Number of protein chains: 2
Amino acid sequence: METTPARATHPPGTCKPDPSTHPRPDGEDRYTISEVVAVTGLTAHTLRWYERIGLMSDVSRSHTGQRCYTNRDLDWLALVAKLRLTGMPVADMVRYAELVRLGEETFDERRQLLESTRRDVLNRMAELQDTLAVLDYKIDIYAGVRTAQERA
Amino acid sequence: METTPARATHPPGTCKPDPSTHPRPDGEDRYTISEVVAVTGLTAHTLRWYERIGLMSDVSRSHTGQRCYTNRDLDWLALVAKLRLTGMPVADMVRYAELVRLGEETFDERRQLLESTRRDVLNRMAELQDTLAVLDYKIDIYAGVRTAQERA
DNA sequence: CGCTTGCTTGGAGTGCACTCAAGGGTTCTA
DNA sequence: TAGAACCCTTGAGTGCACTCCAAGCAAGCG
């Protein structure tokens with residue numbers, strides 16, 4: 001299986017010269033796709049797909065054509081993961097990635113995008129708070145029924 | 001369009017004898033599908049689909065075969081809406097609906113299901129809180145850049 | 001040398017949650 | 001009596017976010 005979070009072996013010269021112990025030892029380190037899988041929990045399929053759709057730009061390659069992810073890439077993936085769980089559509093994240101590629105000109109648009117996402121997050125949290133109240137109400141009812149049954 | 005939240009006219013004898021002003025006037029009231037659309041924001045398609053997959057059970061019909069939703073149905077749909085925004089899969093909600101149909105025997109299982117959902121909600125809220133921190137961090141950076149530009 | 005492991009590609013397939021189309025029925029209004 | 005406004009059904013289609021497949025290359029090992 002490709003999704004196995006394996007300890008990848010590192011043939012010298014392919015991608016990673018330093019077989020470090022922890023993810024992200026820092027410096028100018030490079031990761032194979034399987035290491036990124038292990039760190040992020042994404043599948044290799046998904047990582048390649050992210051690249052194809054423009055959500056990961058410019059992943060560098062080893063001399064044999066294999067992907068070499070950097071710490072910057074991992075940072076980006078971490079941000080993407082956060083944005084994902086706000087429910088932001090992938091297309092919007094691609095747009096954001098595009099803005100990043102376009103450079104400083106787009107700082108304002110990026111900030112607006114993040115602020116709108118921030119509002120979404122707050123809304124969603126409020127909705128969840130509401131839902132929590134409903135759940136607690138229902139759970140209380142069921143718990144009450146059970147204790148009533150136990151008393152009987 | 002079918003999704004229009006229209007003031008439906010009520011042919012006498014079809015479904016609803018009392019053309020009330022507000023949604024859910026209470027009592028033993030009956031709603032046409034288009035009224036339920038107006039109240040819930042779901043489409044008629046979705047309502048029929050919910051029924052087909054077993055998420056809405058036993059929606060009664062008028063003598064012409066048209067669906068008559070009751071206040072109980074609206075309550076159920078409100079709960080479903082809440083559960084939906086916890087991210088609970090439809091299949092799980094169908095399971096819950098099934099448990100409700102099975103009667104009192106299933107109180108315990110229902111409570112467990114709701115408690116597990118409650119845990120999911122708390123997790124999700126924590127994740128969102130995390131994400132909010134990241135967003136604020138990034139927004140601050142962009143805001144900082146802008147004010148720096150303004151000073152220049 | 002052949003085998004295994006891990007990586008590459010483009011394109012096709014999957015699962016979920018709807019969403020719509022086609023064809024038809026009933027009832028009210030003009 | 002015609003048309004509008006509703007409603008019904010089955011079955012197919014859509015969009016999103018992956019997910020997988022088949023074929024093939026490169027490196028290391030016995």
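Since this is a predicted model, take the numbers as computed values, not measurements. Here is how names work: the chains are called A, B, and so on, in the same order as the sequence lines, proteins then strands, and each is numbered from 1.
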From C-beta outward on [X], which listed nucleotide comes closest to its side chain: [options]?
{"X": "His63(A)", "options": "dA27(D), dC7(C), dC6(D)", "value": "dA27(D)"}
{"X": "Thr32(B)", "options": "dC7(D), dC18(C), dC18(D)", "value": "dC7(D)"}
{"X": "Pro89(A)", "options": "dA17(D), dC7(D), dC7(C)", "value": "dA17(D)"}

**Spatial distance of atom CH2 (Trp49(A)) from atom CG (Leu42(A)) [nearest 0.5 Å]** = 10.5 Å

Rounded distance in Å - [atom1] ([X]) to [atom2] ([N]):
{"X": "Leu42(A)", "N": "dT19(D)", "atom1": "CG", "atom2": "C1'", "answer": "13 Å"}
{"X": "Met56(A)", "N": "dC18(D)", "atom1": "CE", "atom2": "C1'", "answer": "17 Å"}
{"X": "Ile33(B)", "N": "dT26(C)", "atom1": "CD1", "atom2": "C1'", "answer": "16 Å"}
{"X": "Tyr50(A)", "N": "dT8(C)", "atom1": "OH", "atom2": "C1'", "answer": "20 Å"}
{"X": "Trp49(B)", "N": "dA17(C)", "atom1": "CH2", "atom2": "P", "answer": "6 Å"}
{"X": "Glu35(B)", "N": "dC6(D)", "atom1": "CD", "atom2": "C1'", "answer": "12 Å"}
{"X": "Asp92(B)", "N": "dG15(C)", "atom1": "CG", "atom2": "P", "answer": "17 Å"}
{"X": "Arg30(A)", "N": "dC7(C)", "atom1": "CZ", "atom2": "P", "answer": "15 Å"}

**Tyr96(B) and Tyr142(A) aromatic ring geometry - parallel, tilted or perpendicular at 30°/60° bounds** = perpendicular

**Shared hydrophobic cluster, Ile141(A) / Val80(B) (ILVMFWY, side-chain heavy atoms < 4.5 Å)** = no

**Message:** Can you confirm whether Arg30(B) sits close enough to Tyr69(B) that some side-chain heavy atom of one is under 4.5 Å from a side-chain heavy atom of the other?
**Reply:**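 Arg30(B) vs Tyr69(B): side chains apart.
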
**Message:** Given 3.5 Å as the limit, does a donor-acceptor pair link the side chain of Glu35(B) with the main chain of Thr32(B), or not?
**Reply:** yes

**Request:** Check whether any side-chain N or O of Thr43(B) sits under 4.0 Å from OP1 or OP2 of dC18(C), and answer yes or no.
**Result:** no

**Message:** Taking only side-chain N and O atoms of Ser34(A), does any of them lie within less than 4.0 angstrom of OP1 or OP2 on dC7(C)?
**Reply:** yes

**Request:** Examine the side chains of Asp73(A) and Thr70(A) and answer whether a donor and an acceptor come within less than 3.5 Å of each other.
**Result:**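 There is such a pair between these side chains.
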
**Message:** Regarding Tyr31(B) and Asn71(B), do their side chains bring together a donor and an acceptor under 3.5 Å, going by distance alone?
**Reply:**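 Yes, because at least one side-chain N or O of Tyr31(B) sits under 3.5 Å from a partner of the opposite role on Asn71(B).
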
Would you list the protein and nucleotides 9-11 of chain C atom pairs, both N or O, that sit under 3.5 Å from each other?
from: dT9(C); atom 1: OP1; to: Arg61(A); atom 2: NH1; distance (Å): 3.3
from: dT9(C); atom 1: OP1; to: Arg61(A); atom 2: NH2; distance (Å): 3.1
from: dT9(C); atom 1: OP2; to: Arg67(A); atom 2: NH1; distance (Å): 2.8
from: dT9(C); atom 1: OP2; to: Arg67(A); atom 2: NH2; distance (Å): 2.5
from: dG11(C); atom 1: N7; to: Arg52(A); atom 2: NH1; distance (Å): 3.0
from: dG11(C); atom 1: O6; to: Arg52(A); atom 2: NH2; distance (Å): 3.1

